[in-house]
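In what follows, chains carry the letters A, B, and so on, assigned in the order in which the sequence lines appear, proteins first and then strands, with residues in each chain numbered from 1.
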4 protein chains.
Amino acid sequence: MLINIDASNGLAIYDQVVRQIKYAVANGTIREGELVPSVRELARDLTINPNTVARAYQQLQSANVLDSVRGTGLIVKKSATAKCRKERVTLLRQRIREVFREAKQSRLDFPELKSLVDEELERVNSTKPANGESE
Amino acid sequence: MLINIDASNGLAIYDQVVRQIKYAVANGTIREGELVPSVRELARDLTINPNTVARAYQQLQSANVLDSVRGTGLIVKKSATAKCRKERVTLLRQRIREVFREAKQSRLDFPELKSLVDEELERVNSTKPANGESE
Amino acid sequence: MLINIDASNGLAIYDQVVRQIKYAVANGTIREGELVPSVRELARDLTINPNTVARAYQQLQSANVLDSVRGTGLIVKKSATAKCRKERVTLLRQRIREVFREAKQSRLDFPELKSLVDEELERVNSTKPANGESE
Amino acid sequence: MLINIDASNGLAIYDQVVRQIKYAVANGTIREGELVPSVRELARDLTINPNTVARAYQQLQSANVLDSVRGTGLIVKKSATAKCRKERVTLLRQRIREVFREAKQSRLDFPELKSLVDEELERVNSTKPANGESE
DNA sequence: GTGGTCTAGACCACC
DNA sequence: GTGGTCTAGACCACG
């Protein structure tokens, strides 16, 4: 499955769907012109309400990622891949910058921040390969 | 005052106040035994609702950072500095971990993530105002 | 063929087909007794779903514009030209009235509306290709 | 009341709300910085479901017309008035152009179109409410 | 089958 | 009180 919902992380479900679809488009898991799963199908798979999926899909339409084809479904728009790829980097950069700003404001000294970051970077790197898609 | 509220970043205002007070205690900007600004004063300075400040202060009291002194106001508890200093690292680590989790989920490859992080780390280091030993 | 489908303007495709067939009958592009293109052919030409064409043709039959001839196809009924010509004005008047109602509701002042209309009227007049006698 | 809902005109209710709020902002009926009616209040007044109003308001937020102030309500953003005013003209122009394109395609001859338009323009002008445009 | 809209009712965080 | 989210269930138009 392309999407994992974490109901308890504070992020709205529809927003998790939006982001993960964008990520899937960014890294080519879903290609331009392809149909995304239907509202009802995705809702069933994630065991969430169809309205929630519909809401996510609507946001993706107004973000120019998806396009609705009447009676057929929703397809990934041309040029969405590049768009999502850029956006992914921008988004992450923003969030990283935000956290670093907060660290700076807390006056954590730079070496300590750096070691903290490196530690966590190492951590995420080591767990990364494990989480392939073997299912 | 050392608090910056960003009303538009999705984080609860009271939570931003809580975190930033903790940081201020951690780095000695507010010392143990000192009075924090009154609810009304802080609310006026930040142009936020006094109830929001009150709520933040309540949380800080139940977190053993502040103590109410009858007829006087709220002071920073003894031992709060050490406590907050420890917590500061924990809080920042959490936020860093969150961001990295998101990066991993987006399948950005590790080298790209690393360069992104290093870039921003460099950036925050160079713009740091009063740097060096923060304590 | 004289039909242009705009899949992205919110109007139902079958309805665009219906209206444009009526217009074609009204201005004599298709004459009484003539065969209209087959469902499959029109669907192929417009690259839309055959069901959609079929639906449009059904509506045109119940509107007494088309008549089915067994084993042959659909032909324009006798008296359909006059009928469609009348209806053409009615249909256009309706749409014009709708737009003006919207303008009024938006409280655009009348002079501004008038100049907008005149401007666009000028525009359509100058770009009109084969004008004059519509038959 | 600033908004009239016509349940039977084919347009989605939330969309009617969106447009009419934009119009109200465009002509200064609601000023920048002012609160719009609360979701529940407007829903009660229009006797529609609060979710429908909420949906309209969300669209207005992503269109940079409204801004949410936590626990307070939704206010009209700075610069929204100019934005809405421009958009109003653009929108109407588009719709007028569309109708004229359709008239042209139907091969209605220009004089007939012009008289149709003038007739309806006269009509809308004479029924224009209170403040008219006798100026 | 598809998406789009609407209602109803519920819970949450925040002011 | 405010907006924000989610569920559930319904109806529509379209292919």
Side-chain angles (χ1 to χ4, degrees), chain A residues 5 7-8 10-17 35-43 46-61 66-75, chain B residues 7 10-17 39 43 46-56 58-59, chain C residues 5 7 10-17 39 43 46-56 59, chain D residues 5 7-8 10-17 35-43 46-61 66-75:
Chain A
I5 295 303
S8 66
L11 260 180
I13 294 175
Y14 78 85
D15 200 54
Q16 297 183 47
V17 174
L35 281 165
V36 293
S38 82
V39 169
R40 291 161 173 87
E41 184 188 349
L42 188 54
L46 302 178
T47 57
I48 61 178
N49 191 288
N51 284 330
T52 305
V53 177
R55 181 174 182 179
Y57 280 1
Q58 273 160 9
Q59 297 229 151
L60 287 163
Q61 282 182 76
L66 297 184
D67 218 354
S68 142
V69 182
R70 303 169 85 106
T72 301
L74 296 157
I75 60 170
Chain B
L11 290 171
I13 293 175
Y14 83 93
D15 197 55
Q16 296 184 47
V17 174
V39 168
L46 303 178
T47 58
I48 61 178
N49 192 300
N51 287 330
T52 307
V53 177
R55 182 172 182 176
Q58 274 166 10
Q59 292 223 354
Chain C
I5 295 301
L11 291 171
I13 293 174
Y14 82 94
D15 197 54
Q16 297 184 45
V17 174
V39 169
L46 304 178
T47 57
I48 62 178
N49 192 300
N51 287 330
T52 306
V53 178
R55 182 171 183 177
Q59 290 223 356
Chain D
I5 295 302
S8 65
L11 261 179
I13 295 176
Y14 78 84
D15 200 54
Q16 297 184 46
V17 174
L35 281 165
V36 293
S38 83
V39 169
R40 290 160 173 87
E41 185 187 349
L42 187 54
L46 304 177
T47 58
I48 61 178
N49 191 287
N51 284 331
T52 304
V53 177
R55 181 174 181 179
Y57 280 1
Q58 273 158 10
Q59 297 228 152
L60 287 164
Q61 281 182 74
L66 297 184
D67 217 353
S68 141
V69 182
R70 304 168 83 105
T72 301
L74 295 157
I75 61 170

Visitor: Categorize Q61(D) for me: base, sugar-phosphate, or nothing, with a 4.0 angstrom heavy-atom threshold over every strand shown.
Guide: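 It contacts sugar-phosphate atoms only.
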Visitor: Please give, in whole Å, the distance from dT2(E) P to E41(A) CD?
Guide: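 So the two atoms are 8 Å apart, to the nearest Å.
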Visitor: Any non-hydrogen side-chain atom of L42(D) less than 4.5 Å from a side-chain atom of V17(D)?
Guide: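 Side-chain contact under 4.5 Å: yes.
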Visitor: Check the distance between dG3(E)'s C1' and L42(A)'s CG and give it to me in whole angstrom.
Guide: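 Spelled out: CG on L42(A) to C1' on dG3(E) is 14 Å.
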Visitor: Output the distance between atom CG (N49(B)) and atom CD1 (I13(B)), rounded to the nearest 0.5 Å.
Guide: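 So the CG of N49(B) and the CD1 of I13(B) are separated by 9.0 Å.
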Visitor: Knowing that exactly one of T52(D), L11(D), L46(D) qualifies, which makes a side chain to side chain contact (heavy atoms under 4.5 Å, CB included) with I5(D)?
Guide: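 Result for side chain to side chain contact (heavy atoms under 4.5 Å, CB included) with I5(D): L46(D).
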Visitor: Do any N or O atoms from the side chain of Q59(A) and from the backbone of D15(A) form a donor-acceptor pair under 3.5 angstrom?
Guide: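 It does not hold such a pair.
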Visitor: Could you tell me the separation between the CG atom of L35(A) and the P atom of dG1(E), rounded to a whole number of Å?
Guide: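 Rounded to whole Å, this separation is 16 Å.
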Visitor: Determine whether Y57(A) and S38(A) make a side-chain contact, defined as any pair of heavy atoms from C-beta on separated by less than 4.5 Å.
Guide: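 With C-beta onward as the side chain, the pair stays apart.
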Visitor: Sugar-phosphate means primed atoms, P, OP1 and OP2; the rest is base. With that split, encode nucleotides 5-15 of chain F 5' to 3' as B, S or - using protein heavy atoms under 4.0 Å.
Guide: BBBBB----BS
Visitor: Give me the atom names and distance for the closest heavy-atom approach of Q61(D) to S68(D).
Guide: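 Answer, listing the atom of Q61(D) first, then S68(D): OE1-CB, 3.4 Å.
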Visitor: Return the CG to CG distance between L35(A) and L74(A), rounded to the nearest 0.5 Å.
Guide: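 So the CG of L35(A) and the CG of L74(A) are separated by 8.0 Å.
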Visitor: Anything below 3.5 Å on both distances counts as a pair; with that, list the stems of at least three consecutive Watson-Crick or G-U pairs involving DNA chain F.
Guide: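 DNA chain F stems, ordered by first number: E:1-14 with F:1-14.
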Visitor: For Q58(A) and Q58(D), run side-chain contact (heavy atoms from CB on, under 4.5 Å): C-alpha distance rounded to whole Å, both residues' side-chain angles, the deciding distance at 0.1 Å, then the answer.
Guide: CA-CA 12 Å; Q58(A) 273 160 9; Q58(D) 273 158 10; over 6 Å; no
